[in-house]
Each structure stands twice: as C-alpha cells, then as structure tokens.
Number of protein chains: 2
Amino acid sequence: MPPYDPSAFPPFAVTVDLVVLTVRRHSLCALAVRRGEPPFQGRWALPGGFVRADEDLAGAAARELAEETGLHAHDPADPNAPYGAHLEQLATYGDPKRDPRMRVVSVAHLVLAPDLPAPRAGGDAHSARWAPVESFLDQEPTSAPEEEAPAPLAFDHAQILEDGVERARSKIEYSSLATAFCPQEFTVGELRRVYEAVWGVALDPRNFHRKVTGTPGFLVPTGGTTTRQGGRPAQLFRAGGATLLNPPMLRPEA
Amino acid sequence: MPPYDPSAFPPFAVTVDLVVLTVRRHSLCALAVRRGEPPFQGRWALPGGFVRADEDLAGAAARELAEETGLHAHDPADPNAPYGAHLEQLATYGDPKRDPRMRVVSVAHLVLAPDLPAPRAGGDAHSARWAPVESFLDQEPTSAPEEEAPAPLAFDHAQILEDGVERARSKIEYSSLATAFCPQEFTVGELRRVYEAVWGVALDPRNFHRKVTGTPGFLVPTGGTTTRQGGRPAQLFRAGGATLLNPPMLRPEA
DNA sequence: GCAAAAGTGTTATAGGTACACCCATGA
DNA sequence: TCATGGGTGTACCTATAACACTTTTGC
C-alpha cells in the first residue's frame, strides 16, 4: 500500500443498504422504501444511506435501521442489552456502474425482526412498505399480474435482497436465528410457522416440536402458557443462549 | 439517498485484502507479505491494494492475486475456464480507525489454492511467505517462543485472517471446496489430509473413503492410479460438478 | 517377508420420517 | 359436542462411528 497520497487512489462513496426481513401473515416479507429523487425516482428500493465520516459500518446500518423503522439493533456483544433485532453484515456490492451518478460501494446488511407495527419513514407512511419477498424477486410475468408486484427494485437491490433471503434461509438451519423473527416469548407453533414461511414448506408439527425442544440451548420455557393460537394452551419459551444448533434443523429437499 | 452532491458524503478509499490459504506439509498456511512503507513498515500483512476506478471488487481481488502470486482465479460462471484458484468475497472491514492515515474500507476476499511453487512478490522473495495460520493467530505467549511466530499482522489483518480461516473450515463441511486445495487430479487420501489439516483433526481413513466416494457429484474417477503416497496404488479423481454436498461432511466435535 | 497405504464388510447406535394417538381449551 | 392446535409414543429407515479384515504396492 503506498504512503498517504490522496491522488493515488480514486475516491468512493460508501453506503449501507438494509435487507430487513420479517414474517407477516405466514409469509416472508421485506421492507422497501419509495425513492423520492432520481435516479429511479418513484421506484421501490432497499432502505439505506451514506456512511458518515466517523462511524463504522455496523453503526451506520444500525442508525439507518432506527431512522427508517424505529427498531434498534441487538448488540450480540452485550447479552444484557435490551431486546432488539438481529443485524449482521451480508455482502458488499461494488460494480462500477451500479449507481449511474458516481462510484458507490454498498455494504449490505441483513436485519431479522419480529412482526412490527406499521413502518414509518420520515413520517410518510406511503413511502415505506412491507411486501412478500417473492413480489420483488419473481419479476418474470409467470402468472397473472398481481397488484402486489411493483416495478423491479432500484439499482442492484433485487440481487441484494435475493442474497439476503438466501442467507436467512440457510442460517436458520444451523443457528437459533429463527427466534429473531419471534416476539420475546413465543410458542413452538409460532416458531414452526416462522420456519415454514422462510423456507416455504410445510413441516410436521409433531416432529418439529420434539426436535426444537430436544436441541440443547435452543429454547427455555418461561413457565407461562398461551392460548392465542386457539386450541390447547401452548407453553411459552424464550430463546436460549445457544447460537449454533446441534443437531441442525433440516430443510426438506425439493 | 440525496441527489448527486459530492459535498454530501465523505470520500473513502476502498481496498481489497486477500486471505490466501493453502495446505503445505499437513498444515493450513496463509500468504503474508512484508510491508515496505509506514504504517507498520517491516511488519507482515495480508496482500491487497486499492480498487481502481473502473474495476469491480472481484476483479480487483483477482488482479491483486495475480500480481502477488501469479495465480489466476477460477471464474465459477465459466466452468470451461482453465483451472484456477477459488476466490470469493469474505467480508468488509470499515472501522474509522483501522488505518491511521485515512478512512479506508477494505473488502476482504478468500482464496483457496493448491500447494504452490514459491511465492513471488514483485520479484522479491523475502517479501512474501507462507506460514501456518496459527503462527499469525496464536499471539499470546502460550508456549515456548517459536521462530515461526512473527509480530502480529498489521492493521486488523489478524481478525480478517481469522474470519477467513473460519469461513474455510465451515465451508468445506457442506461444499466441495476442499478440492480447491488439491491439484487437478488427486487421491482420496490426499483429500483426507486436506480436511485433517484445515480442521486440525484426525479422520478415519476407511469411513472417509466410503463417504466421499459415496457422495454424488463430489468425485469422478479419472481411471488413473498413483503410488506417490507409498503403499497400494490409489485411484485418481477429479472434482465432480457438485458444489453442495449432500449429505455434508461432519466435522468431529471438540 | 514386512511396512504402508488403499479399500471392503459388519455391527451398534443416533437421528430422522411418518403417523397413530391422546390432551386441553374455546365456541 | 366438535374443531383446533398442542404434545407423546412408536415403528421404520438412513447415516454414522468403530473396527476387523483384505489388497497391492515398494523395499
């Protein structure tokens, strides 16, 4: 690396973009915001913004998350921190032509959040929405046009979203991350519906129950029960300390 | 995102750093280069350099790899491309203070290569070396000081190397990436020694043989045999087309 | 013959799938 | 009483771990 010489390297803008996922009404949904300025004015895009001069990448992502949703991110380094959404770095996108204005490198982050109150974005409810991830990804006119399918996402955001969804799908296999989609206390059935929504499959409720309650460190019973799903009261659980599941959850094959 | 206004965002330098791993003499080794200029002059660091104005991130990583080692990266999008090292994006490091000179965001990449002829770096053999990854990571004086243990790596490169090693260790579990450490044709025993070196464990040769030859798409026999390891001649294999292994290889627990 | 590495067979056991069956609540 | 979801028991099957044993070379 050469000594400090500002003319020796080209200047870049660095942004963070957020893939914010949640499970609503049995379906995996992503947060999108409507762009107010060109390029791609009026199109949907992932939330994000410039990294400031004095903040690190995770900090910028957490700040953008709070500004766009009111969520605050959980800091895994501090287990006593208040409850918060899971945030992790996803990947970095730096094609020279990805932004027509200038050279922008975007460090994408993945956020997993429980089902939320309505999103807010600068107070304008029309400029932020949750939508099923397929509505952003299935852009070929395979079936009847649905009103759910907006124009393709701006920039390379469809690719970023697809990478984030795939990360989430694979990571809930071998980690306890699926609990990040649940409220603090949840039932085994609610957790199962998270897996079913993220993977897009049906799971056997009986084997699922045995498996998650038998995996050490995954779930700890709170002692309470709930009947909010109807039927027999279900035990309530919190996420246990384990982050890596052994044995892992197995995603059914195609 | 605000409209184009160069004063609205701080300028960053963007670099790529490379975690280049190989297996030599039954041990997982990383490539390091000696820094010629401050900061950290004379210390070992990961190879890397600035991203140019017109190249994308993977292209910059492939260029640096060729410049520092003579290796060229395999393009997974073109299976007919000539044999080459595996290259993938690892993670991005952007702490505001990670480089004392200026704000630098580094997009780290992971390279897996077969055992190589001696490294070269600008023709100066003294400025590049392979060393076991533990010699860079075990920086506490746990045992007798070895000549193998140089000063800690410059910048945050010890963290980057550790992340790269962990990525390699986990990825050979469920993908066929371990073959990237082998020459084009290799024996089951050679592949087993790769797993043993990367994981730092001993594996049962008999069960290993059954498992890798029984996993569809992992290995294809070339028909040839070799006796270069001594003992009974062993069949030679090439990497099969499969990238995801099903069932996965299981890393023995602690 | 002997050492060394390759490769096969066999057995015990853990974990998964499928599904019959019972439990506790609200309507 | 019935519908709904929660939860347990059990039989079958697949994959793995452990290890005895045979094969084919070099020396």
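Chain identifiers are assigned alphabetically (A, B, ...) following the order of the sequence lines, protein sequences preceding nucleic acid strands; residue numbering begins at 1 within each chain. Please read these numbers as outputs of a predicted model, since none were measured by experiment.
Across A:Val198 and A:Val23, no two heavy atoms sit closer than the pair CG2-CG2, 4.2 Å.
Residue B:Pro247 has its side chain nearest to D:dA15 when only D:dA15, D:dT8, D:dG6 are considered. For A:Ala234, the listed nucleotide lying nearest its side chain is D:dG7; candidates were D:dG7, D:dC21, C:dG26.
Taking atom CZ of residue B:Phe208 and atom C1' of nucleotide D:dC19, one finds them 18 Å apart after rounding to whole Å. Spacing between atom CZ of B:Arg206 and atom C1' of C:dA6 amounts to 11 Å, rounded to whole angstrom units. Atoms CZ (A:Arg228) and C1' (C:dT25) sit 15 Å apart, rounded to a whole Å. In this structure, CG of A:Leu203 is placed 16 Å from P of D:dG5, rounded to the nearest angstrom. One interatomic measurement links the two molecules: CG of B:Leu219 to P of C:dG7, which rounds to 11 Å at whole-angstrom precision. Taking atom CG of B:Leu250 as the reference point, atom P of D:dA15 lies 12 Å away to the nearest angstrom. Here C:dG9 presents its P atom at 19 Å from NZ of B:Lys211, a figure rounded to the nearest Å. Distance, B:Met249 CE to D:dA15 P: 14 Å, rounded to whole Å.
Across all strands shown, A:Arg192 has heavy atoms under 4.0 Å from sugar-phosphate atoms exclusively, and none from any base.
Two residues, A:Pro233 and B:Pro233, neighbour DNA chain D, and the one matched to the more 5' nucleotide by heavy-atom proximity is A:Pro233. Remark on DNA chain C: of its neighbouring residues B:Asn207 and B:Glu190, the 5'-side contact belongs to B:Glu190, judged by nearest-heavy-atom nucleotide.
Between A:Val19 and A:Ile160, the closest side-chain pair of non-hydrogen atoms falls below 4.5 Å.
Contact annotation: A:His209 side-chain N/O to D:dG6 OP1/OP2 distance is not under 4.0 Å.
Of the charged side-chain nitrogens involved, at least one lies within less than 4.0 Å of a carboxylate oxygen, so that B:Glu166 and B:Arg251 count as a salt-bridged pair.
In this model, a side-chain donor or acceptor of B:Arg210 finds a partner on the base of C:dG9 within 3.5 Å. For C:dA24, its base never sits under 3.5 Å from the side chain of A:Arg232 at any donor and acceptor pair.
A distance-only check finds a donor-acceptor pair linking the side chain of A:Gln89 to the backbone of B:Thr92 [under 3.5 Å].
Not less than 6.0 angstrom separates the ring centroid of A:Phe186 from the ring centroid of A:Phe237.
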